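Below is one structure, written out as structure tokens; the observations come after it.
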Amino acid sequence: MIKIKLPDNSIMEFDAPVSGMDIAQKISERLALAAFAVTVDGKLTDLTTPITTDAAVTIITSKTTEGVDIMRHTLSHIMAQAVQELFPGTQVTIGPVIENGFYYDFAKKEPFALDDLAKIEKRMAEIIDRNLPIERMEWPREKAIEFFKNKGESYKVQIIEDLPADAVISLYRQGDYTDLCRGPHLPSTGKAAKAFKLMKVAGAYWRGDSKNEMLQRIYGVAFADEKQLKAHLTLLEEAEKRDHRKIGKALDLFHFDPTAPGCPYFLPKGLKLYNLLLEFWRQEHDKADYLEFTGPLMNSRVLWETSGHWDHYKDDMYLLTANEMPENEVYALKPMSCPQTMILFNMKTRSYADLPIRFSDVDMIHRNEASGALNGLFRVREFHQDDAHIFITEEQIEEEFSRLFALADKFYKVFGLKYQMKFSTRPDDFVGDIETWNKAEAALRRVLDNHCGKDNYQIKDKDGAFYGPKVDISMTDALGREWQTGTFQLDFQLPDRFGCKYVDKDGNLKMPPVIHRALYGSLERFIGILTEHFAGAFPVWLSPVQVRVLPVSDKHREAGAALVEKLKAAGIRAEMERQSNTIGYQIRAAHEQKIPYAVILGDKELESNTISVRDRQNNQKNGMSLDDFIANVKEIDSSKSLNLWK
RNA sequence: GCCGCUGUGGCUCAGUGGUAGAGCGUUCCCUUGGUAAGGGAGAGGUCGUGAGUCCGAUUCUCACCAGCGGCACCA
């Protein structure tokens, strides 16, 4: 007798081993139709696998993420089958599930053409229509190797050969297609929804190692139904419209020139935004007792040898030579400011009573990023970090981190960004003694528990830097996309390399740990993120132009110019266009430039001594007094409100 | 860096083995217009760079540069 416990706690009894399918069928025919797989005592299993002992069973359908992921996985097999049918001789490698879909890596001599994707999609639909049963098999290792060798699937052979000796070798067969796979899968190809779309072909290294050959990867997205697929595709379209590279061009914010790949030009409007962000940053950091400095853009190799960059980071640094410079005197553009800050600290004898010392800098730094890594403002070769290095005593770790978290809160709230903390713990290749690590990690955990609440932050095990644990901040933008921005890293190494010391209470010299930290991350990247987050419609305090005056006709231009002057005198960024145009045209142009307020000036306004304001959300306010308008803009500006009106 | 794709006036893009076209923008003229494009005329391009094939290359081939999508990288 086998007792099956269902999610509603009811018990079903069977005389002989049953499959998930049998159970689903007994519950209802509809459930059987919708069933994708089961969990048996929490473990995902195929619908057809016999259950031989008492167990708690849940039927998995497309309503759950597990269910959709199983379908995605099956679709990757269906795609592989379609590819092998259409392009005989193509070898298959791996095809996992990813967020929103799946991919499969193929080894094929000729590159896939773009219109091949449509052909493959069509064939996949046919395979779904064939409704092939999907059968799980477990084979001895030798048999599996032999099987794939005969098929000429050398990658599969490699995978099996690298599996541990005691691994169960399972295969799934659908029609003529058999793949090595852990499963589980749908019981038949016909259960897969046709709500999928193949998105792109891309290169990918075999086993993710750049020393290996390139395979061709086909990406697909897949959902439980058409509606969700459509919603996803709409989201992608929306994201494309918000692309900061497009908006940056349309709004004249920044520019990239082929003579300086990865090095942005900030155009006047973009620079305004940049300066406003930095101004806010400086105000807050002054309040928080940071000491800003600026250091040289380049240092001789001596510095980089001390810091360890010469050995570990040289390939990513720009080296500088000059006439008659001896070879051992090479200079390098700084890829970060940490070593310079160490020098600052060492300029004087420091006392325990001086700590914490918070040195900040926003200098330009250079990193020779791989050409293929460059991506608008998101990945550049020349940028500014809102960096700071805080020298503390070990006892101050907890307190200082909690100050940092408070500062971070203030910053991200201003932009209406949600964020999440991620705690990275000691990696295997750590340096320093384990006791210090343990103390530091415990301290960080306490702060995180306090600040975020227990379990309210993600833990990335063994993902810390080799020199200390770290807390990263990732934020979610208006479209729900995640970006890594801020980072707080504890470092016991660099102060050691530079021999940083302070005089402790007892008169002994001690080494201060250092916190490396950034809130924006890089100003460039952050501006890219903000551009996409706001789709170019920046909050009033960040808008390069806050008000555009629109004269109804040329005879109102003089009054318009006077109005611009008044607004400027009040500290508002205002402008009027040089060209005459119809009022309709001007409204459209102001709207397209995402200017928060358009002020319309014509006979009506001049006669009544008022203004008419149309904001970028198309709200219209007529008969407003100029003073009221100025007061509103000033208040919205100084409060850094995300709204346009009080 | 690797795989694939792309590169045509300021912008977005069409097109062709016989040295190029549209819309927007820009300039000038007319219009002085009241809430998402008023009308007309003109200027503007050695078709990314270099080499090759060809009688002839923007078009085909190769190399390089840059961009895009991924991969790898990202203290």
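All values derive from a computational prediction rather than experimental measurement. Throughout, a chain's letter reflects where its sequence line sits, starting with A, and its residues are numbered from 1.
For the P atoms, the distance from B/rA14 to B/rG23 is 16 Å, rounded to whole Å. For the C1' atoms, the distance linking B/rA36 with B/rG44 amounts to 29 Å, nearest Å. For B/rG9 and B/rC24, the C1' atoms lie 12 Å apart once the distance is rounded to whole Å. To the nearest whole angstrom, the two C1' atoms, one in B/rU61 and one in B/rG17, are 14 Å apart. Rounded to whole Å, the separation between the P atoms of B/rU59 and B/rG15 comes to 16 Å. For B/rG69 and B/rA51, the C1' atoms lie 29 Å apart once the distance is rounded to whole Å. With P as the reference atom, B/rU12 and B/rC54 are 38 Å apart, rounded to whole Å. With C1' as the reference atom, B/rG42 and B/rU49 are 32 Å apart, rounded to whole Å.
Among the heavy atoms of the strands, none lies under 4.0 Å from A/Phe112. Looking at heavy-atom distances under 4.0 Å, A/Asp603 makes contact with a base. Using a 4.0 Å heavy-atom distance criterion, A/Met336 is classed as a base contact. Across all strands shown, A/Ala204 has heavy atoms under 4.0 Å from sugar-phosphate atoms exclusively, and none from any base. Counting any heavy atom pair closer than 4.0 Å across all strands shown, A/His312 reaches a base atom. Using a 4.0 Å heavy-atom cutoff across all strands shown, A/Ala373 reaches at least one base atom of the nucleic acid. Across all strands, A/Gly584 comes closer than 4.0 Å only to sugar-phosphate atoms, never to a base (heavy-atom distances). Within 4.0 Å (heavy atoms only), A/Ser553 reaches at least one base atom of the nucleic acid. Within 4.0 Å of A/Arg578, counting heavy atoms only, lie sugar-phosphate atoms of the nucleic acid but no base atom. Looking at heavy-atom distances under 4.0 Å, A/Asp316 makes no contact with the nucleic acid at all.
For A/Glu605 against B/rG34, a side-chain N or O and a base N or O form a donor-acceptor pair under 3.5 Å. Looking at A/Arg379, its side chain comes within 3.5 Å of the base of B/rC73 through a donor and an acceptor atom. With hydrogens and angles ignored, a donor-acceptor pair closer than 3.5 Å exists between the side chain of A/Arg614 and the base of B/rA36. Evaluation of atom-type donor-acceptor distances gives a pair under 3.5 Å for the side chain of A/Tyr205 against the base of B/rG1.
Residue A/Pro111 has its side chain nearest to B/rG4 when only B/rC3, B/rG34, B/rG4 are considered. Nearest to the side-chain atoms of A/His591 among the listed nucleotides B/rU35, B/rG33, B/rA36 stands B/rA36. Of the listed nucleotides (B/rC73, B/rU32, B/rG38), B/rC73 has the atom at the smallest distance from the side chain of A/Glu369. Nearest to the side chain of A/Ala370, among B/rA72, B/rG34, B/rG38, sits B/rA72. Closest approach to the A/Gln579 side chain among B/rC3, B/rA36, B/rU26 is made by B/rU26 (side chain taken as heavy atoms from C-beta onward). Closest to the A/Val552 side chain, of the nucleotides B/rC71, B/rA72, B/rG33, is B/rG33.
What separates CG of A/Leu490 from C1' of B/rA75 is a distance of 14 Å, to the nearest Å. A straight line from CE of A/Met214 to C1' of B/rC3 spans 5 Å, rounded to a whole angstrom. Separating the CD1 atom of A/Ile600 from the P atom of B/rG34 is a distance of 12 Å, rounded to the nearest angstrom. The CE atom of A/Met199 sits 16 Å away from the C1' atom of B/rG4 (whole-angstrom rounding). Following rounding to the nearest Å, A/Asp116 (CG) and B/rG4 (P) show an atom-to-atom distance of 14 Å. Between the C1' atom of B/rA72 and the CZ atom of A/Arg217 lies a distance of 11 Å, rounded to the nearest Å. Rounded to an integer number of Å, the gap from A/Lys200 NZ to B/rC71 C1' is 12 Å. In this structure, the CG atom of A/Asp472 is 12 Å from the C1' atom of B/rC74, given to the nearest Å.
Counted by atom type alone, A/Asp461 and A/Thr425 present one or more donor-acceptor pairs between their side chains at under 3.5 Å. Side-chain atoms of A/Glu482 and A/Thr476 include no donor-acceptor pair closer than 3.5 Å. Between the side chains of A/Glu153 and A/Gln158, no donor-acceptor pair of N or O atoms lies under 3.5 Å. Using modelled atom types and a 3.5 Å distance limit, the side chains of A/Asp472 and A/Thr487 yield a donor-acceptor pair. Side chains of A/Tyr205 and A/Arg207: no donor on one and acceptor on the other come within 3.5 Å. No hydrogens or angles considered: a donor-acceptor pair under 3.5 Å links the side chains of A/Gln620 and A/Asn622. For the residue pair A/Asp105 / A/Gln216, no side-chain donor-acceptor distance below 3.5 Å is found, with atom types taken as modelled. Counted by atom type alone, A/Ser553 and A/His556 present one or more donor-acceptor pairs between their side chains at under 3.5 Å.
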Next item on the list: Could you summarise the pairing of RNA chain B as dot-bracket text, marking Watson-Crick and G-U pairs under 3.5 Å with ( ) or [ ] inside the strand and | across strands?
Entry: (((((((..((((....[..)))).(((((.......))))).....(((((..]....))))))))))))....
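For A/Lys555 and B/rU32, the shortest distance from a side-chain N or O to OP1 or OP2 is not below 4.0 Å. Here A/Lys249 reaches the OP1 or OP2 of B/rU12: one of its side-chain N or O atoms lies under 4.0 Å away. Within the structure, every side-chain polar atom (N or O) of A/Ser580 is placed at least 4.0 Å from both OP1 and OP2 of B/rU32. Between A/Gln586 and B/rA37 there is no side-chain N or O to OP1 or OP2 distance below 4.0 Å. In terms of phosphate contacts, A/Tyr585 brings a side-chain nitrogen or oxygen within less than 4.0 Å of OP1 or OP2 of B/rG25.
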Checklist line | Summary of protein contacts for nucleotides 59-67 of chain B, nucleotide by nucleotide, where a base hit scores B, a sugar-phosphate-only hit scores S (4.0 Å, heavy atoms) | finding: -------SS
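Taking the six-membered ring wherever Trp is involved, the centroid distance between the rings of A/Trp304 and A/Tyr331 does not fall below 6.0 Å. Taking the centre of each ring, A/Trp483 and A/Phe378 come in below the 6.0 Å mark.
A cation-pi arrangement is absent between A/Arg588 and A/Tyr585, since the terminal nitrogen or guanidinium carbon is not both under 6.0 Å from the aromatic centre and inside a 45° cone about the axis. A cation-pi arrangement is found for A/Arg72 relative to A/Phe223, the charged atom lying closer than 6.0 Å to the ring centre and inside a 45° cone about the ring normal.
Residue A/Tyr104 is tested with A/Ile218, A/Val92, A/Val83 for a side-chain contact (heavy atoms from CB on, under 4.5 Å); the sole match is A/Val92.
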Going by atom type alone, with no hydrogens or angles, which donor-acceptor pairs under 3.5 Å involve a side-chain atom of residues 108-117 of chain A and a protein atom two or more places apart or on another chain?
from, atom 1, to, atom 2, distance (Å)
A/Lys108, NZ, A/Glu110, O, 2.8
A/Asp116, OD1, A/Lys119, NZ, 3.4
A/Asp116, OD2, A/Ala113, N, 2.7

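Where A/Gln489 and A/Asn622 each meet RNA chain B at their nearest nucleotide, the meeting point lying more 5' is that of A/Asn622.
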